Every structure is written in structure tokens, then in C-alpha cells.
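Take a look at the structure set out below.
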Amino acid sequence: MLENLSTEKRNHKTSNLDEMTTKQILTAMNEEDHSVPTAVRNEIENIESLVLKVIESFKKGGRLIYIGAGTSGRLGILDAVECPPTFGTETEMVQGLIAGGLKAFTVAVEGAEDREDFAVNDLKEVSLDDKDIVIGIAASGRTPYVIGGLKYAKEVGASTGSVACNKNSEISKFAEVSIEVVPGPEILTGSTRLKAGTSQKLVLNMISTASMIGIGKVYKNLMVDMQSTNIKLIERSKRIIMEATDVDYETASKYYEQANKNVKAAIVMILVQCNYDDALQKLKEADGFVRKTLTV
């Protein structure tokens with residue numbers, strides 16, 4: 001029942017929210033937001049387990065597919081679309097599905113979240129298979145669309161995970177690894193785009209970032225697989241080469257061009273003192289990890 005969910009309970013600290021001054025409202029929101037990182041930290045071990053499953057799927061050539069409704073679905077899409085520019089992934093590698101389809105990203109599609117079969121159809125549309133991993137996201141932890149998706153994922157042999165904001169959530173029953181971050185009642189009762197949404201965003205940040213590091217998309221703490229799609233990012237690419245290899249701007253620019261604007265290859269060319277083709281071969285032998293090319 002909804003009344004038993006912590007995300008639906010009233011926050012006694014803000015029972016007079018409509019009487020507060022603007023500054024009091026903002027202060028209350030800020031104070032409540034402080035509980036979010038702690039709630040996330042309590043789930044680190046489960047987040048780690050889920051990240052390891054994502055890495056396993058990636059290494060098999062599988063995809064990470066987030067599935068959710070409303071705010072949860074939008075957060076999944078947001079995390080997915082940031083992966084190509086940040087980590088140089090193909091757009092299919094990390095995907096976000098939302099109840100009601102992409103139009104639901106900007107306009108609510110009423111009733112879509114209550115249909116398990118909609119999730120099945122959406123996953124069939126992207127040809128889900130046993131190499132993939134599906135992560136269901138639902139603040140309440142009870143969304144039928146998410147449950148339907150997790151059930152179907154299990155049927156096809158895909159790995160499964162879940163992210164909810166209530167303990168003993170329904171979606172956890174259908175996931176191999178369940179994350180239950182509980183930041184407590186919202187200042188505005190039931191408005192789970194607030195603390196619950198923030199906690200979900202933090203968890204998804206952790207999942208995608210740690211997983212990409214786990215497959216060699218990062219060297220030191222540098223985005224060595226990023227895509228240089230505009231002037232700002234071209235300059236950032238050159239700075240990354242400089243930081244990774246301790247060369248000057250002119251040298252970084254030269255290798256950036258020689259490596260066909262492949263930042264990772266340019267770094268290997270400098271560190272190992274090899275040509276572009278050899279750098280690509282060394283990266284292949286090192287499974288994409290720049291650090292491993294130093295010993296290959």
C-alpha cells in the first residue's frame with residue numbers, strides 16, 4: 001500500500017510548508033538533501049555488485065538498458081545519453097527506456113507505467129538478449145512497467161538489477177541485485193523528483209562511471225575515450241593528452257592529429273613511443289586499458 005512507503009509519508013519538519021518564507025523553504029530543502037549521500041553510502045556494497053554485473057555484460061558485448069517511468073525513466077535516459085560523449089560509446093551500448101516512449105520524456109503519458117506488457121514490447125523492440133543487463137528504476141519500487149521489464153529480462157536470460165527508494169520494494173523481488181536507497185519522506189509529500197530523484201541520479205552516476213572505468217574508458221582520472229565533437233571538446237582532448245603524458249600543447253596537438261583525433265591512441269603513441277597503428281594494436285591487446293599498454 002502506498003501509505004506504507006517512506007517516499008509517500010509526510011515529512012513532519014515541513015508540515016507548515018505553505019506558511020514558510022522562500023528562504024525557509026530553500027533552507028529546509030537543503031537540509032533534507034543532506035540525507036541523500038548518506039542513504040546512498042549505505043548501499044555501496046549492492047551498488048558494487050551491480051556494477052560488476054554491468055562490466056560483465058559489457059565484456060560479453062552486451063548492453064546496459066535502464067527502464068523506468070516518469071522521473072525514474074527520465075533519469076535513466078539522461079544517464080544513457082551522456083555515455084557516448086563522455087566515454088566514446090556507441091549509442092546502443094547504454095540505453096534508457098521510459099514508459100510511454102520517448103515522448104514521455106517531456107510530456108507525461110498517463111497510465112503507461114501501469115502496463116507490464118508495454119515494457120515487454122519496448123525490450124523486444126531493442127532486441128534484448130542474454131548478454132544484456134536491465135536495470136529497473138522506480139522510486140516507489142512498485143511500478144508495473146518496471147516489474148514487467150525485469151520479468152521479461154529474466155525470461156530471455158539477461159542480467160537484472162533494480163534501484164528503488166523504499167526498503168523491501170516490489171521490484172527488488174525481480175532483480176538479481178537490488179539497490180534500495182531510502183532518503184526518507186519528501187518536503188513536499190510524495191514528490192519523488194526531489195530527494196528520491198537525487199538519490200537515483202547519484203546511483204546511476206556511480207553505475208555508469210564505475211562500469212566504464214572497469215572496461216578501460218579511463219586512464220588515471222582522465223576521460224581518454226571522450227568524443228571531440230566541438231571546439232571546446234577538441235581543446236579538452238588536447239589538455240587530456242597533455243595531462244596524461246606531461247607534454248606541451250604543441251606536442252599534444254601534433255599527436256592528436258596523427259592519431260586521427262583518437263585521444264587514447266595519441267596518449268599511447270607518446271607513452272610507448274610508437275606509431276598510430278601500433279598504438280591501436282597495443283590497446284587491442286590491453287583490452288582498451290591505456291595503463292596496460294605500458295607492459296604489453
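Values below: all heavy atoms of this structure, side chains included; hydrogens, waters and symmetry mates excluded. Being a predicted model, the structure only gives us computed values, none of them experimental.
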Under 3.5 Å, sequence neighbours excluded: what are the donor-acceptor pairs made by side chains of residues 236-247?
residue : atom : partner : partner atom : Å
S237    : OG   : S228    : OG           : 2.5
S237    : OG   : L233    : O            : 2.8
T245    : OG1  : I241    : O            : 2.6

Side chains of residues 216-224: which donor-acceptor partners sit under 3.5 Å, not counting sequence neighbours?
residue : atom : partner : partner atom : Å
K217    : NZ   : F87     : O            : 3.4
K217    : NZ   : D225    : OD2          : 3.4

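No side-chain donor-acceptor contact under 3.5 Å links E56 to the backbone of K53. With hydrogens and angles ignored, the 3.5 Å screen pairs no side-chain donor or acceptor of S162 with any backbone N or O of G136. Side-chain atoms of N262 do not come within 3.5 Å of backbone N or O of A259 as any donor-acceptor pair. Put simply, the side chain of N16 never gets that close to the backbone of E19: no donor and acceptor are under 3.5 Å apart. For Q200 (side chain) and L75 (main-chain N/O), no donor-acceptor pair under 3.5 Å exists by modelled atom type. Under a 3.5 Å cut-off, the side chain of N166 and the backbone N or O of S6 do form a donor-acceptor pair.
Hydrophobic clustering of Ile, Leu, Val, Met, Phe, Trp and Tyr side chains at less than 4.5 Å, counting indirect connections, unites V272 with Y276. Under the 4.5 Å side-chain heavy-atom criterion for Ile, Leu, Val, Met, Phe, Trp and Tyr, I77 and V94 are members of distinct hydrophobic clusters. Two different hydrophobic clusters hold F58 and M226 under the rule that ILVMFWY side chains link at heavy-atom gaps under 4.5 Å. Hydrophobic clustering (side-chain heavy atoms under 4.5 Å, transitive across Ile, Leu, Val, Met, Phe, Trp, Tyr) groups V81 together with F105. Both L271 and Y255 belong to a common hydrophobic cluster when Ile, Leu, Val, Met, Phe, Trp and Tyr are linked at side-chain heavy-atom distances under 4.5 angstrom.
Here L150 is tied into one hydrophobic group with I65, I67, L97, F118, V120, L123, V126, L128, V134, Y145, V146, I147, Y152, V156, I171, F174, each link being a pair of ILVMFWY side chains closer than 4.5 Å. V182 belongs to no hydrophobic cluster, as no Ile, Leu, Val, Met, Phe, Trp or Tyr side chain comes under 4.5 Å of its own. Residue M29 is found in a hydrophobic cluster whose other members, listed by chain and number, are L17, M20, I25, I187, L188, L194; membership requires side-chain heavy atoms under 4.5 Å apart, directly or through intermediates.
Taken to the nearest 0.5 Å, the CG atom of D287 stands 7.5 Å off from the NZ atom of K59. If you take SG on C165 and CD1 on I137, they are separated by 10.0 Å, rounding to the nearest 0.5 Å. Put simply, CG on L280 and CD on E285 are 11.5 Å apart, with the number rounded to the nearest 0.5 Å. Taken from CE in M212 to SG in C83, the straight-line distance is 4.0 Å, to the nearest 0.5 Å. Note that CD of E116 and OG1 of T143 are 11.0 Å apart. Values are rounded to the nearest 0.5 Å.
Within 6.0 Å of NZ in K103 there are 12 or fewer heavy atoms belonging to other residues, nucleotides or ligands. Surrounding CG of L102 are at most 12 heavy atoms belonging to other residues, nucleotides or ligands under 6.0 Å away. No more than 12 heavy atoms of other residues, nucleotides or ligands shown are found within 6.0 angstrom of NZ on K261.
Under a 4.0 Å N-O distance rule, the pair E8/R142 does not qualify as a salt bridge. Between R63 and E92 there is no salt bridge, since no side-chain N of the basic residue sits under 4.0 Å from a carboxylate O of the acidic one.
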Step by step, would you call K254 with E257 a salt bridge (charged side-chain N to carboxylate O under 4.0 Å, His left out)? CA-CA 5 Å; K254 181 184 74 173; E257 295 300 330; over 6 Å; no
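With sequence neighbours excluded, no residue forms a side-chain hydrogen bond (donor to acceptor under 3.5 Å, both in side chains) with E82.
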